[in-house]
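Here is how names work: the chains are called A, B, and so on, in the same order as the sequence lines, proteins then strands, and each is numbered from 1. Source: prediction; values computed, not measured.
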Number of protein chains: 2
Amino acid sequence: MPIVAGMGDEVFKALADPTRRKILDELAERQGQTLFEICSRLSTKHQIGLSRQAISQHLAVLEAAGLVETRREGRYKFHDLNTGPLERITDRWIRREPPESHR
Amino acid sequence: MPIVAGMGDEVFKALADPTRRKILDELAERQGQTLFEICSRLSTKHQIGLSRQAISQHLAVLEAAGLVETRREGRYKFHDLNTGPLERITDRWIRREPPESHR
DNA sequence: TTGATAGGCAAGCGGCAACTTGCCTATAGT
DNA sequence: ACTATAGGCAAGTTGCCGCTTGCCTATCAA
């Protein structure tokens, strides 16, 4: 079993909040943003006027779910979207037809 | 724009609860179950000892999200899984590489 | 070294969601 | 008609989640 997070219920919990989904949108559009960048972008582009700590807590949830990965450089912490945990979470219920029974 | 539900945030909300995901599991395994069938199956197979009303409320959430559809026959109400809303909810963040730049 | 910037920790508050409880309606069997 | 079964409605409780507030640490620039 892998050590990576995001294999359990945390992914669903993380996706449940609309602000967190907006954060994923932002990171999908531009990787490697800092906390303050994400804050100002959410504020200006999406009229989400939350405090820095609120966004920080959201990022922590996303990171616990494995949807966001971080790297530190000096006093900056850059956030990157990781779509890995998203790829197969719905396969649990979607029954794929075998494309063609070859005769 | 279609009249069907499940195009908004309700799908994520519905998927956030582990009991609701188990219900989807059950319906994926066997379509057309009644409320009481779902209750007893959750209880015996998954040790989920919730009241009938609790399950009923969960089903209402799933139906509002478009993940479950119902049909009435006499005093029975049958529940069917609809995977439609699941198919594209993650495409929002997953960037598909164009398969091959031809030459 | 001082101040400014980027971020972290933890306690506290308010609202909502999950669950229960009690009662009610509708269909089917006897 | 009466009873049992399948389900619905609505109010009340509890616990958790999102958010704020206040204070603290770390890095960099002057």
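Other residues, nucleotides and ligands contribute only 12 or fewer heavy atoms inside 6.0 Å of the CZ atom of B:R95. A:R88 CZ: 12 or fewer foreign heavy atoms inside a 6.0 Å radius.
One atom, CZ of B:R71, and another, P of D:dA6, lie 16 Å apart when rounded to the nearest Å. Taking atom CG of A:D9 as the reference point, atom C1' of D:dC17 lies 16 Å away to the nearest angstrom. Rounded to a whole Å, the CZ atom of A:F78 is 13 Å from the C1' atom of C:dT5. Going from atom NZ of A:K13 over to atom P of C:dA17 covers 12 Å, rounded to whole Å. As a whole-Å value, the separation of A:I48 CD1 from D:dG18 C1' is 13 Å. Whole-Å rounding puts the A:Q53 CD to D:dT21 P distance at 9 Å. The CZ atom of A:F36 sits 11 Å away from the C1' atom of C:dA4 (whole-angstrom rounding). Nucleotide D:dC19 holds its C1' atom 14 Å from the CG atom of A:L59, rounded to whole Å.
Of the side-chain N and O atoms in B:S56, one or more sit less than 4.0 angstrom from OP1 or OP2 of D:dG8. Here B:S51 reaches the OP1 or OP2 of C:dT20: one of its side-chain N or O atoms lies under 4.0 Å away. Applying the 4.0 Å criterion to OP1 and OP2 of C:dC19, one finds that B:H58 has a side-chain N or O inside that range. For B:K77, a side-chain nitrogen or oxygen approaches OP1 or OP2 of D:dG8 to under 4.0 Å. Close to C:dA26, at under 4.0 Å from its OP1 or OP2, lies no side-chain N or O of B:R72.
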For this session: Would you check, one step at a time, whether the test side-chain contact (heavy atoms from CB on, under 4.5 Å) holds for A:F78 with A:Q31?
Result: CA-CA 8 Å; A:F78 300 106; A:Q31 291 274 54; over 6 Å; no
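The only member of A:L81, A:I55, A:I48, A:D17 that meets side-chain contact (heavy atoms from CB on, under 4.5 Å) when paired with A:I23 is A:I55.
Between B:R72 and B:K77 the shortest side-chain heavy-atom distance falls below 4.5 Å.
Rounding to the nearest 0.5 Å places CD of B:Q57 at 10.5 Å from CZ of B:R52. Remark: B:R92 CZ to A:D25 CG distance equals 4.0 Å, nearest 0.5 Å.
Closest contact between the side chain of B:T34 and the listed nucleotides D:dG7, C:dT21, C:dC9 involves D:dG7. Considering only side-chain atoms of A:R52, the nucleotide from D:dC19, C:dT21, C:dG8 that sits closest is C:dG8.
Both B:E37 and B:Q57 lie near DNA chain D, and the one whose nearest nucleotide falls closer to the 5' end is B:E37.
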Under 3.5 Å between N/O atoms: give me all the protein pairs with nucleotides 26-30 of chain D, atom names plus distance.
from: D:dT27; atom 1: O2; to: A:R75; atom 2: NH1; distance (Å): 3.4

